[in-house]
Amino acid sequence: MSMSGKLMHAVWYDSYGGGSAGLKHVEVPAPTPSKDEVLLKIEAASLNPVDWKTQEGMFRPLLPRKFPHLPGKFDGLSVRINCWDVVSKQLGAGGHLLDIHHHGDKVGANQHAADFKKQSKYGFMYKDLFVGTVTDAAGEVLEVGPEVKNFKVGDKIVAMLNPTGGGGLAEYAVAKQSLTVLRPPEVPAADGAALVVAALTAHQALSSVRIKLDGSGPRMNILITAASGGVGHYAVQLAKLGNTHVTATCGARNLDLVKSLGADEVLDYKTPEGASLKSPSGQKYDAVIHCASSTPWSAFEPNLSPTGKVIDVTPVLSTFWTYALKKLTFSKKQLLPMILTPKSENMDYLVKLAKEGKLKTVIDSKYPLSKAEDAWAKSIDGHATGKIIVEP
Ligand SMILES: NC(=O)c1ccc[n+]([C@@H]2O[C@H](COP(=O)([O-])OP(=O)(O)OC[C@H]3O[C@@H](n4cnc5c(N)ncnc54)[C@H](OP(=O)(O)O)[C@@H]3O)[C@@H](O)[C@H]2O)c1
């Protein structure tokens, strides 16, 4: 089914900052897949803290890219870019306008900007147009680009949308076939969308310390911080597929949940024992999967085994200093910053684990697309248990 020119409901933001109040509901043409992309009808999208951190300017000036930053590719993009040139010239340097414009609309080279706005079919004009970079989605394939070999119309899939463009807060989105996997009927759309960035991050962190998830390999003592969060709750379950003893930290209200996910020992992070990160049974950690933030090296150091490694998925500038210092001094205890490198074979593996019931998704809350700002606010609040889902 071609969506060419059809309008969809989407949510994005058009400037840095503003939190949930900065999100805007718009109606725009559905994106068109390029040769190696699929168009999907989104059934569920999941939020990650990186989505609102990007809005806060975490990756400034790299992301969001300046003009225009759209959720995937819309019909008539080339027409709009031509129009953009015309209008920008007419308005001068300060007047950056972009019209969300239908393919069939024509704009003459000597048209005035006001006419341009009046004539435009949808009338949206944005300064510094950005989109919420929500990348995790599950849905059904509606169209495939000519080079797409592994998917066909009607397939149920899980996809990581363009990491720099996102586009998950919408009814339709495009995804590269290279970051798309099939979703079996046993895996609900919400669970599929939930596991993309969060479970991939947990998987990569555990793999980086060579924990073998088939249970082979030497016994390892692991600490997982923020084990009630999106990444942490997957990390606990994946770690327990390996030959590990898992200590985990979370808030008091989630102690039982985290134990039920498989943690051997659980610490309430708000107590002095929890803050010390000390294992109640006196284990020294061979590896820490650090999903909380703002923990100094001095808190980890006394709890590590002689070759213990901290995989920090929330690195800040000081993490990189400590990392460099430990390397330069040939320290056997190390702090290693980690950034996700998404791979479809890992996505496929995680979806299969979900299908087999070996990787469960805890869903904190679900919101309709019309209330996406509430989902955004919940994520910013930082107290989700598991994953936050948005459904069109
Ligand atoms: N490096 C990468 O590529 C990468 C990839 C994905 C995520 N991340 C980062 O990893 C972090 C975790 O992501 P997420 O999706 O898991 O976040 P999340 O779901 O928003 O985490 C929220 C959970 O963390 C718990 N928590 C907060 N502070 C804690 C602490 N000091 N000790 C123990 N638990 C604590 C909260 O418990 P309470 O409600 O009880 O406070 C809540 O359940 C974020 O900073 C995210 O940006 C990085």
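Both counts, for ligands and for their atoms, begin at 1 and track the order of listing. Fair warning: this is a prediction, and the values are worked out from it, not measured in the lab.
Taking every heavy atom of Ala292 and a limit of under 4.0 angstrom, the matching atoms of ligand 1 come to 29 (C), 30 (C), 31 (N), 32 (N). Those atoms of ligand 1 with a heavy atom of Met338 less than 4.0 angstrom away are 1 (N), 2 (C). Ligand-side atoms of ligand 1 in range of Thr314: 9 (C), 10 (O), 11 (C), 44 (C), 45 (O), range being under 4.0 angstrom from any heavy atom. Atom numbering of ligand 1 starts at 1 in the shown order; those under 4.0 Å from a heavy atom of Ala384 are 22 (C), 23 (C), 42 (C), 43 (O). For ligand 1 and Ser228, the ligand atoms under 4.0 Å from any heavy atom of the residue are 25 (C), 36 (C), 37 (O), 42 (C), 43 (O). Interface of Cys291 with ligand 1, defined as ligand atoms under 4.0 Å from a residue heavy atom, comprises 11 (C), 12 (C).
The ring of Tyr234 has its center no closer than 6.0 angstrom to the ring center of His203.
Residue Lys53 holds the heavy atom nearest to atom 45 (O) of ligand 1 of all those in Gln204, Lys53, Met58, Lys270. The nearest non-hydrogen atom to atom 36 (C) of ligand 1, considering only Gly229, Ala199, Gly382, comes from Gly382.
Salt-bridge check for Glu391 with Lys366: passed, with a basic side-chain N closer than 4.0 Å to an acidic carboxylate O. In summary, Lys358 and Glu356 engage in a salt bridge, as defined by a charged side-chain N under 4.0 Å from a carboxylate O. Salt-bridge formation is not detected for the pair Lys360/Asp191: no Lys NZ or Arg NE/NH1/NH2 atom is positioned less than 4.0 Å from an Asp or Glu carboxylate oxygen. Between Lys378 and Asp364, at least one side-chain N (NZ, or NE/NH1/NH2) sits under 4.0 Å from a carboxylate O, which counts as a salt bridge. Taking 4.0 Å as the cut-off between side-chain N and carboxylate O, Arg183 and Glu43 count as a salt-bridged pair.
Not one N or O of Pro49 is nearer than 3.5 Å to an N or O of ligand 1, by distance alone. For a threshold of 3.5 Å applied to N or O pairs, the pair formed by Tyr269 and ligand 1 contains at least one separation below that value. In terms of N/O distances under 3.5 Å, ligand 1 is not approached by Cys250. Some N or O of Leu340 is nearer than 3.5 Å to an N or O of ligand 1, by distance alone.
Proximity of His233 to ligand 1 is not established, as no heavy-atom distance is less than 4.0 Å. At least one heavy atom of Arg253 sits less than 4.0 Å from an atom of ligand 1. Remark: distances from the non-hydrogen atoms of Thr249 to ligand 1 include one below 4.0 Å. Distances from ligand 1 to the non-hydrogen atoms of Ser379 include no value under 4.0 Å. Heavy atoms of Ser293 stay at 4.0 angstrom or farther from ligand 1.
Connection of Leu206 to Val288 is not established within any shared hydrophobic cluster, with ILVMFWY side chains joined at heavy-atom distances below 4.5 Å, either directly or through further cluster members.
Within the 4.5 Å cutoff, no side-chain heavy atoms of Leu39 are placed close to those of Val141.
Under a cut-off of 6.0 angstrom, the local environment of NZ in Lys41 is sparse, with at most 12 non-hydrogen atoms contributed by other residues, nucleotides or ligands.
With a heavy-atom cut-off of 4.0 Å, Thr295 does not touch ligand 1 at all.
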